[in-house]
Amino acid sequence: MSAVTSENLRPIGTPSEQLVAAARWRWFEFLFWGIAILCGLSMFAPMLGFNVPIIPSKMMLMSEILILGLLALSIDLCLGYAGLVTLGQGAFFGIGAYTAGLLAKHGAGVAPLSDPILGLLAAGLVAGFVGFATSFLVLRGSDLTRLMVTLGVALIVEELVNKLKDITGGSDGLQGVMSSPILGIWEFDLFGKTAFWYTLIVVFVCFWFCRRLVNSSYGYSLRAIKGNALRARAIGVPVNARLIQVYTLAAAIAGIAGGLLAQTTQFASPDMVAFHRSADSLLMVIFGGAGYLYGGLIGSVVFRIMQDFLSNITPQYWLFWVGVVLVLLVLFVRNGIIGLLSAAVSRSKGAGK
Amino acid sequence: MLTILFDGIAYGMLLFVLSVGLCVTLGLMNFINLAHGAFAMAGGYLTVVMMNWYGISFYWCLPAAFIVSAVLGVVLERTLYSRLYDKTHLDQVLFSIGLIFIATAAVDYVMGASQQIINLPAELNGRFEFLGASIGVYRLFVIIICGLLTVLLQYVIGRTRFGSRLRASVDDRRVARGLGIDVTGIFALTFAVGSGLAGLGGALGASILSMDPTFPLKYMIYFLIVISVGGTTTITGPFFASILLGIADVAGKYFVPSIGGFIIYSIMVLVLIFKPEGLFTRSTRR
Amino acid sequence: MTTVLETRGLCKKFGGITATDNVTFKLPAGARHALIGPNGAGKTTFVNQLSGVLLPTSGSIFLNGQDVTEWTVRARSRAGLARTFQINQLFADLTPLQSIIIAINERENAARSWFLPFGTRKDLVAEAVELAESLNLGDVLDERVGSLAYGKQRLLEIAIALAAKPTVLLLDEPAAGVPESERDQILNVVAALPASVSLVLIEHDMDLVFRFAKTISVLVNGALFVEGTAEEIAKDPRVRQVYLGEEEISHG
């Protein structure tokens with residue numbers, strides 16, 4: 001990506017300034033988050049007398065898209081930057097969901113304990129801890145063993161959630177999750193308005209953090225590992241330590257995403273740790289394009305809206321089209337939607353010259 | 001007790017027939033086809049359709065399932081899969097998950113989401129007592145068929161000209177190519193036979209394994225366990241892995257149903273960590 | 001003269017094959033040493049043990065007087081041992097400038113910085129640019145490594161290794177596969193390396209070896225066959241025999 005952007009930049013300034021400029025915010029990024037904020041603001045439209053037919057009723061859906069985007073972002077951090085393939089990110093998502101859900105359920109009323117933000121931190125910490133504990137499993141072996149090991153871990157977590165009925169509520173899910181007001185001030189409302197702003201802010205903070213990370217010296221050392229681990233070791237990059245760190249961080253972020261979903265929907269179910277969760281979120285990254293951070297976010301928007309639309313026709317069609325898109329993507333498209341767009345942009349630029 | 005062992009062996013042998021094609025193709029082309037289960041599903045549903053819609057005898061369904069799945073396999077191999085050999089494992093996994101989704105959705109659309117039931121021929125139903133174990137006739141039938149197939153496979157791979165070429169190709173694809181072995185052709189044939197065996201396994205298992213549209217996804221994990229435990233360099237490895245898995249699964253579900261799949265998933269993860277090449281592999285490599 | 005790199009009784013066995021056979025070897029500071037030997041003599045296996053990619057079956061390795069036999073690749077790299085690879089091992093999706101900065105960052109412990117954008121440290125970037133220019137990479141700083149000409153990639157291999165400011169640099173066939181036209185560039189770069197870096201050149205190409213090396217070790221069947229100055233080796237009839245025999249086969 002950086003190679004592409006530095007080509008687009010005209011060589012102004014010192015090499016250092018050029019490199020730093022690659023990390024600057026671009027117009028399309030402002031556009032992306034601007035649209036997200038506009039979606040939130042649309043909830044006020046009816047009050048002002050405007051009639052925006054779709055958006056206010058879709059608050060919950062939009063929150064969910066953001067949350068799935070955050071989960072996809074955590075995968076992108078592993079896959080797109082450190083080159084770690086994972087098919088088990090749903091495990092951390094679910095662990096976060098149950099952590100936040102249990103805390104909200106049992107801590108309800110106990111003032112600081114029940115605060116959603118604390119719940120999210122706990123979700124991130126617990127998921128991050130499990131991520132750290134299992135990170136040693138992904139250090140060795142090929143992509144194939146990594147896929148299988150992460151899948152295995154996710155399946156074990158799924159089994160645990162299903163079998164520990166006393167704690168998790170088994171296949172019925174965790175009932176009676178009551179989210180307390182955020183910082184004791186903002187109540188969650190029935191229409192998901194508070195939930196949306198809360199989600200948007202949390203997702204943005206996480207995104208901003210990741211964005212700083214991947215554009216930093218640390219982030220470039222991850223790219224070096226992805227590019228060639230053998231060479232990275234030979235120039236002194238602590239490959240294993242970095243992989244453990246990034247896997248742990250990604251697990252924590254997935255946990256926060258899960259916590260958000262549990263808090264905003266006031267529910268946690270085995271569905272949140274199921275295989276399709278891991279597979280779907282990986283697909284979102286691939287849809288959008290791995291290694292751009294925005295890939296997962298855009299992927300989740302497209303994915304979830306398509307899902308909402310097609311599932312209304314028939315659920316089977318949905319699965320069918322996901323399959324078709326996947327097959328076509330693998331065969332014909334590199335780097336997903338963003339890859340397509342940037343290829344189109346550079347082509348039109350080339351034609352303009 | 002013996003009954004469980006017997007059922008486990010029958011189940012394991014079935015798993016072996018289902019997964020052996022995947023093991024060999026993975027070893028041969030380093031290609032991971034997670035959609036292998038879809039070929040088994042094709043065989044299973046073909047049996048369902050032939051028996052329940054057209055009233056054709058179960059015994060005719062078995063070879064038909066083999067042939068149809070094999071043809072399906074070779075067509076897909078030549079048209080789609082062959083484009084993926086140079087791609088990453090991630091691409092291959094995504095691609096085959098895509099195929100699983102398509103197959104699942106298509107079967108769901110045509111046949112419905114419910115589990116399919118077939119009526120086995122009367123002579124294959126029933127049980128008899130033998131050495132204190134209650135033995136299902138059909139399971140004995142499965143063991144015999146799968147056992148014969150295993151012996152046949154072992155013979156083909158171990159003793160025939162094709163087998164020695166196949167082994168050479170698995171050991172080192174490039175060298176084999178250099179020696180003038182038509183690796184691509186061997187692979188297409190192996191893929192076809194592997195798919196056919198999966199189809200046959202699906203037909204045999206139509207009444208034991210639950211045949212519904214989620215079949216490829218549900219059994220994918222079993223195939224992966226067989227691969228990870230058995231390795232991909234021999235067929236005896238996957239064979240023992242399948243038997244072990246079959247017994248462990250049947251026994252686990254019988255004795256400790258509460259922990260269910262927990263044990264086998266853990267075993268898979270542990271094996272992958274400590275012996276990434278598989279538990280039953282020859283250790284002559286490196 | 002101080003010894004910077006040393007092996008004592010180094011052995012590596014793969015199954016029944018002995019790839020490195022009891023090699024005891026000393027590299028003095030500032031050396032221009034070549035390690036030669038016919039195909040399959042175990043040169044790369046030996047280098048892989050020096051750099052830590054492979055662990056020896058027995059024997060030990062000393063770097064600047066420290067026993068590094070059990071050290072990881074990374075620890076050795078930080079202790080001043082750098083290497084290039086016979087087959088390019090580069091970061092295909094990054095640029096040469098980025099690749100070199102990543103290596104410098106690791107040396108300076110700047111890679112732990114996760115907040116400031118990559119390239120903020122002006123001094124390190126300037127150093128990287130200077131290094132790249134000294135290796136004839138100045139004109140391709142911002143191009144994608146994967147699309148560089150092969151000769152440039154070989155130069156980048158050396159640049160990345162040098163970025164760690166090594167005391168010992170192992171060059172594994174630096175000119176292998178480089179077209180004739182770009183070959184001189186690499187030879188000049190190697191010849192111009194500062195004396196503070198002790199060099200071990202693993203080569204097949206006798207022209208390059210005799211242009212560059214002051215001392216030579218010949219490895220045959222994993223064992224040290226003979227050691228000496230370049231002139232001694234050039235005259236040694238046994239070396240000629242080993243080599244000419246091999247040359248005849250490979251040219252015939």
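Lettering of chains follows the sequences in order, A, B, ..., and the numbering in each one begins at 1.
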Taking atom [atom1] of [X] and atom [atom2] of [Y], what is their separation to the nearest 0.5 Å?
X: A:L147; Y: B:Q92; atom1: CG; atom2: CD; value: 10.5 Å
X: A:F275; Y: B:I221; atom1: CZ; atom2: CD1; value: 8.5 Å
X: A:F320; Y: B:F101; atom1: CZ; atom2: CZ; value: 13.5 Å
X: B:I97; Y: A:L283; atom1: CD1; atom2: CG; value: 7.0 Å
X: A:L282; Y: B:L90; atom1: CG; atom2: CG; value: 6.0 Å
X: A:M148; Y: B:I227; atom1: CE; atom2: CD1; value: 6.0 Å

By a 4.5 Å heavy-atom criterion (distance strictly below it), what part of [X] contacts chain A: side chain, backbone, both, or neither?
X: B:L84; answer: side chain
X: B:L217; answer: side chain
X: B:L94; answer: both

Test log, rule side-chain contact (heavy atoms from CB on, under 4.5 Å), inputs A:V85 and B:V93 | CA-CA 11 Å; A:V85 290; B:V93 162; over 6 Å; no
Contact class of A:L155 relative to chain B, heavy atoms under 4.5 angstrom | both
Take A:L331 and B:F95 through the test side-chain contact (heavy atoms from CB on, under 4.5 Å) and record every step on the way to the result.
-> CA-CA 8 Å; A:L331 285 180; B:F95 178 83; 4.1 Å; yes
Counting heavy-atom pairs under 4.5 Å with chain A, the top scorer among B:L99, B:D91, B:L26 is B:D91
